[in-house]
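Below is one structure; the comments refer to it alone.
In what follows, every chain begins at residue 1, and chains take the letters A, B, ... in the order their sequences are listed. Side chains are part of it too, since the values below use all heavy atoms of this structure and drop only hydrogens, waters and symmetry mates. Computed from a predicted structure; not experimentally measured.
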Amino acid sequence: MRLEIDDLRVSFGDRVVAHIPELAIESGESVGIAGESGSGKSMTAMAILGLAEHLGASTAGSVRLDGRELVGAPQRELREIRGRRIGMIFQSPSTAFNPVLRTGYTFAHILALHGGGNRRLRRATAEAALAEVRLTPRVLERYPHQLSGGELQRVAIAIALALRAELLLADEPTSALDVTVQAEIFEIVSRIRATDGMAILFISHDLAAVAEITDRIVIMRAGEVVEAGATRSVVNAPSHPYTRALFDAVPALSGGGADAAGR
Amino acid sequence: MLRVADLHVRFGDVQSVAGVDLTVPDGAHAVGLVGESGSGKTTIVRAILQLAPHAEGTITYDDFQIGRLRGRQLSSFRRCVQLVPQDADGSLSPRMRVGTAIAEVLRTHRLATRRDVGARVDALLADVGLLPEHGRRLPHQLSGGQRQRVVIARALAVEPRLLLLDEPTSAVDVTVQDQVLTLLERLRAEREVSYLFISHNLAVVERLCESVVVLYHGRVVETGPTSSVLANPGHPYTVALRSAVPQLKNSGRRGRLVLHGAPPDPANPPPGCVFHPRCPLAIERCRTDVPLLDDVGGGRRVACHRVEEVLAGALAERRSPLSGS
């Protein structure tokens, strides 16, 4: 899998709200987009999915998935890519699930839409995917309000896994969750990436969170990319003042946060 | 001074808070209350505000006996202790200009006359870094950070001595969080107001609070001065909470203690130590005996049968390296 972005511009009327000169993601890679509210990071995600038009924006430039142009592609074609090849998880898993349907129904319905075999096979696929995110099949009998935010987010990840998505597009997936739950989600996502080679595009305002699970990072402000590069070098030596400001906003923890051996 | 002693709150079969002790001294002292969703943090705040009808135990603030306050006494208590809620958006009327919302508080407590109320509102807005024109706006015309400032200004209107801050920054960007924390640091110094600051992020608590209370499933598992608790936590849960905070300086070379499994079912808590099903150090004793909150020196107290080993670093080598980094 290779996703290539070339001079992508998302605009409302004359106003460009997101401009990505170039960005490429391949299988097994993890790339982050960091920036504040209004920086254009979520609109970039919407444009990749071909959903920016639904929000009233127009998209110009190029987004190619294995050479296939997605900008301007017919919705019929995009529907086969969304969910199936590009999995999605969002900030609020509780609004991503229909509140009056058991999660098992939603899960099976999505598998059926993408041609996931017969009923028994779909159930087996769902159970195997849930095991990968450390959930029991019991969650399929529950309604969304009966599950915690972390559990629902893991069900959403399991749906992407069950469809064998090649790229996981994660827009603030842990911003509404406790840090302990975030740590568990990060562990799961990193493991899936290592074992299945799923690529990750992780979007967040929290630079420390983005830095934690990505190899490359793009810093956006007011629709423009201000800095991009290997996560480690951007974090160790931010060159743009805005990156440094984002950096300084992360509260430091003495005794180390995720420090492992360092005590 | 706020004193909470042996607080229990039960909702039907669910024991939300089970025997919590907590003190917040006067005079610009900040106490952090940390724990996951469902640990009882917000319920404790509601009990302090006399909003949890099923609370048992004693809560006192100076001479006020919370739970029995009525009428004028309740009103004067509310002038001492104010809440800054998590959801600034939900606590402002969408149809009331935010300046009017602040003026309403001043009028209710008879702290301003018709003539000077406008100037008082402007001064409060200025205190939190907003302009008079912001007061003429409706909540949706302000950013999330500005709304959070308005809610802080409204709480300050009665000149309280204690603010209960319920995750005031969990819904905003890190840059806005940084600004709100800077504001809270300044207000504390200028107004000598104390804080009970609720958060699930230990790094935020470290920045603002001298002491910390770690809550798990409605029970205090560790408490003490923030710096020493964070430098060397005594409870495995505190170790996990600390290691869960993403830190820039260490990205790329670290491991962490990740908790698996969910917090216990509140209607059916496990016997013994409530943390034992998720604890990497749990032994037989932890499954049967409830650990007491014992003094471990340095003003610190920990509720763990294996506290000596935890303090000696027993969990350091158990952390798993993050795959893919």
Where is the tightest heavy-atom contact between A:A208 and B:P246, given as atom of each residue plus distance?
CB-O, 3.5 Å

Give me the atom names and distance for the closest heavy-atom approach of B:A240 to A:T180.
O-CG2, 4.5 Å

Should B:L248 and A:L207 be marked as a side chain to side chain contact (heavy atoms under 4.5 Å, CB included) after you check the CA-CA gap, both sets of side-chain angles, and the distance that decides it?
CA-CA 8 Å; B:L248 279 167; A:L207 191 56; 4.2 Å; yes

The interface call for B:E36 against chain A, heavy-atom contacts under 4.5 Å, is both

Rounded distance [0.5 Å steps], NE2 in B:H200 versus CG in A:L177
8.5 Å

Minimum heavy-atom distance between B:V258 and A:E184, given as atom pair plus value:
CG1-CA, 3.7 Å

Would you check if the side chain of B:D173 reaches a backbone N or O of A:H205 as a donor-acceptor pair within less than 3.5 Å?
no

Neighbour count above 12 (heavy atom, 6.0 Å) for B:R46 CZ
no

Drop me the distance from B:T175's OG1 to A:Y242's OH, to the nearest 0.5 angstrom.
6.0 Å

Just wondering, do B:R242 and A:L253 contact through their side chains at under 4.5 Å, heavy atoms?
yes

Please say whether more than 12 non-hydrogen atoms of neighbouring residues, nucleotides or ligands are located less than 6.0 Å from CZ in B:R186.
yes

Distance check, rounded to the nearest 0.5 Å: B:H260 atom NE2 versus A:I188 atom CD1?
8.0 Å

Let me know if B:V205 has heavy atoms under 4.5 Å from chain A in its side chain, its backbone, both or neither.
neither

Report yes or no: does B:Q177 contribute a side-chain atom to a donor-acceptor pair with the main-chain N or O of A:P251 at less than 3.5 Å?
no

Which atoms of A:Q182 are under 4.5 Å from chain B, going by heavy atoms: the side chain, the backbone, both sets, or neither?
side chain

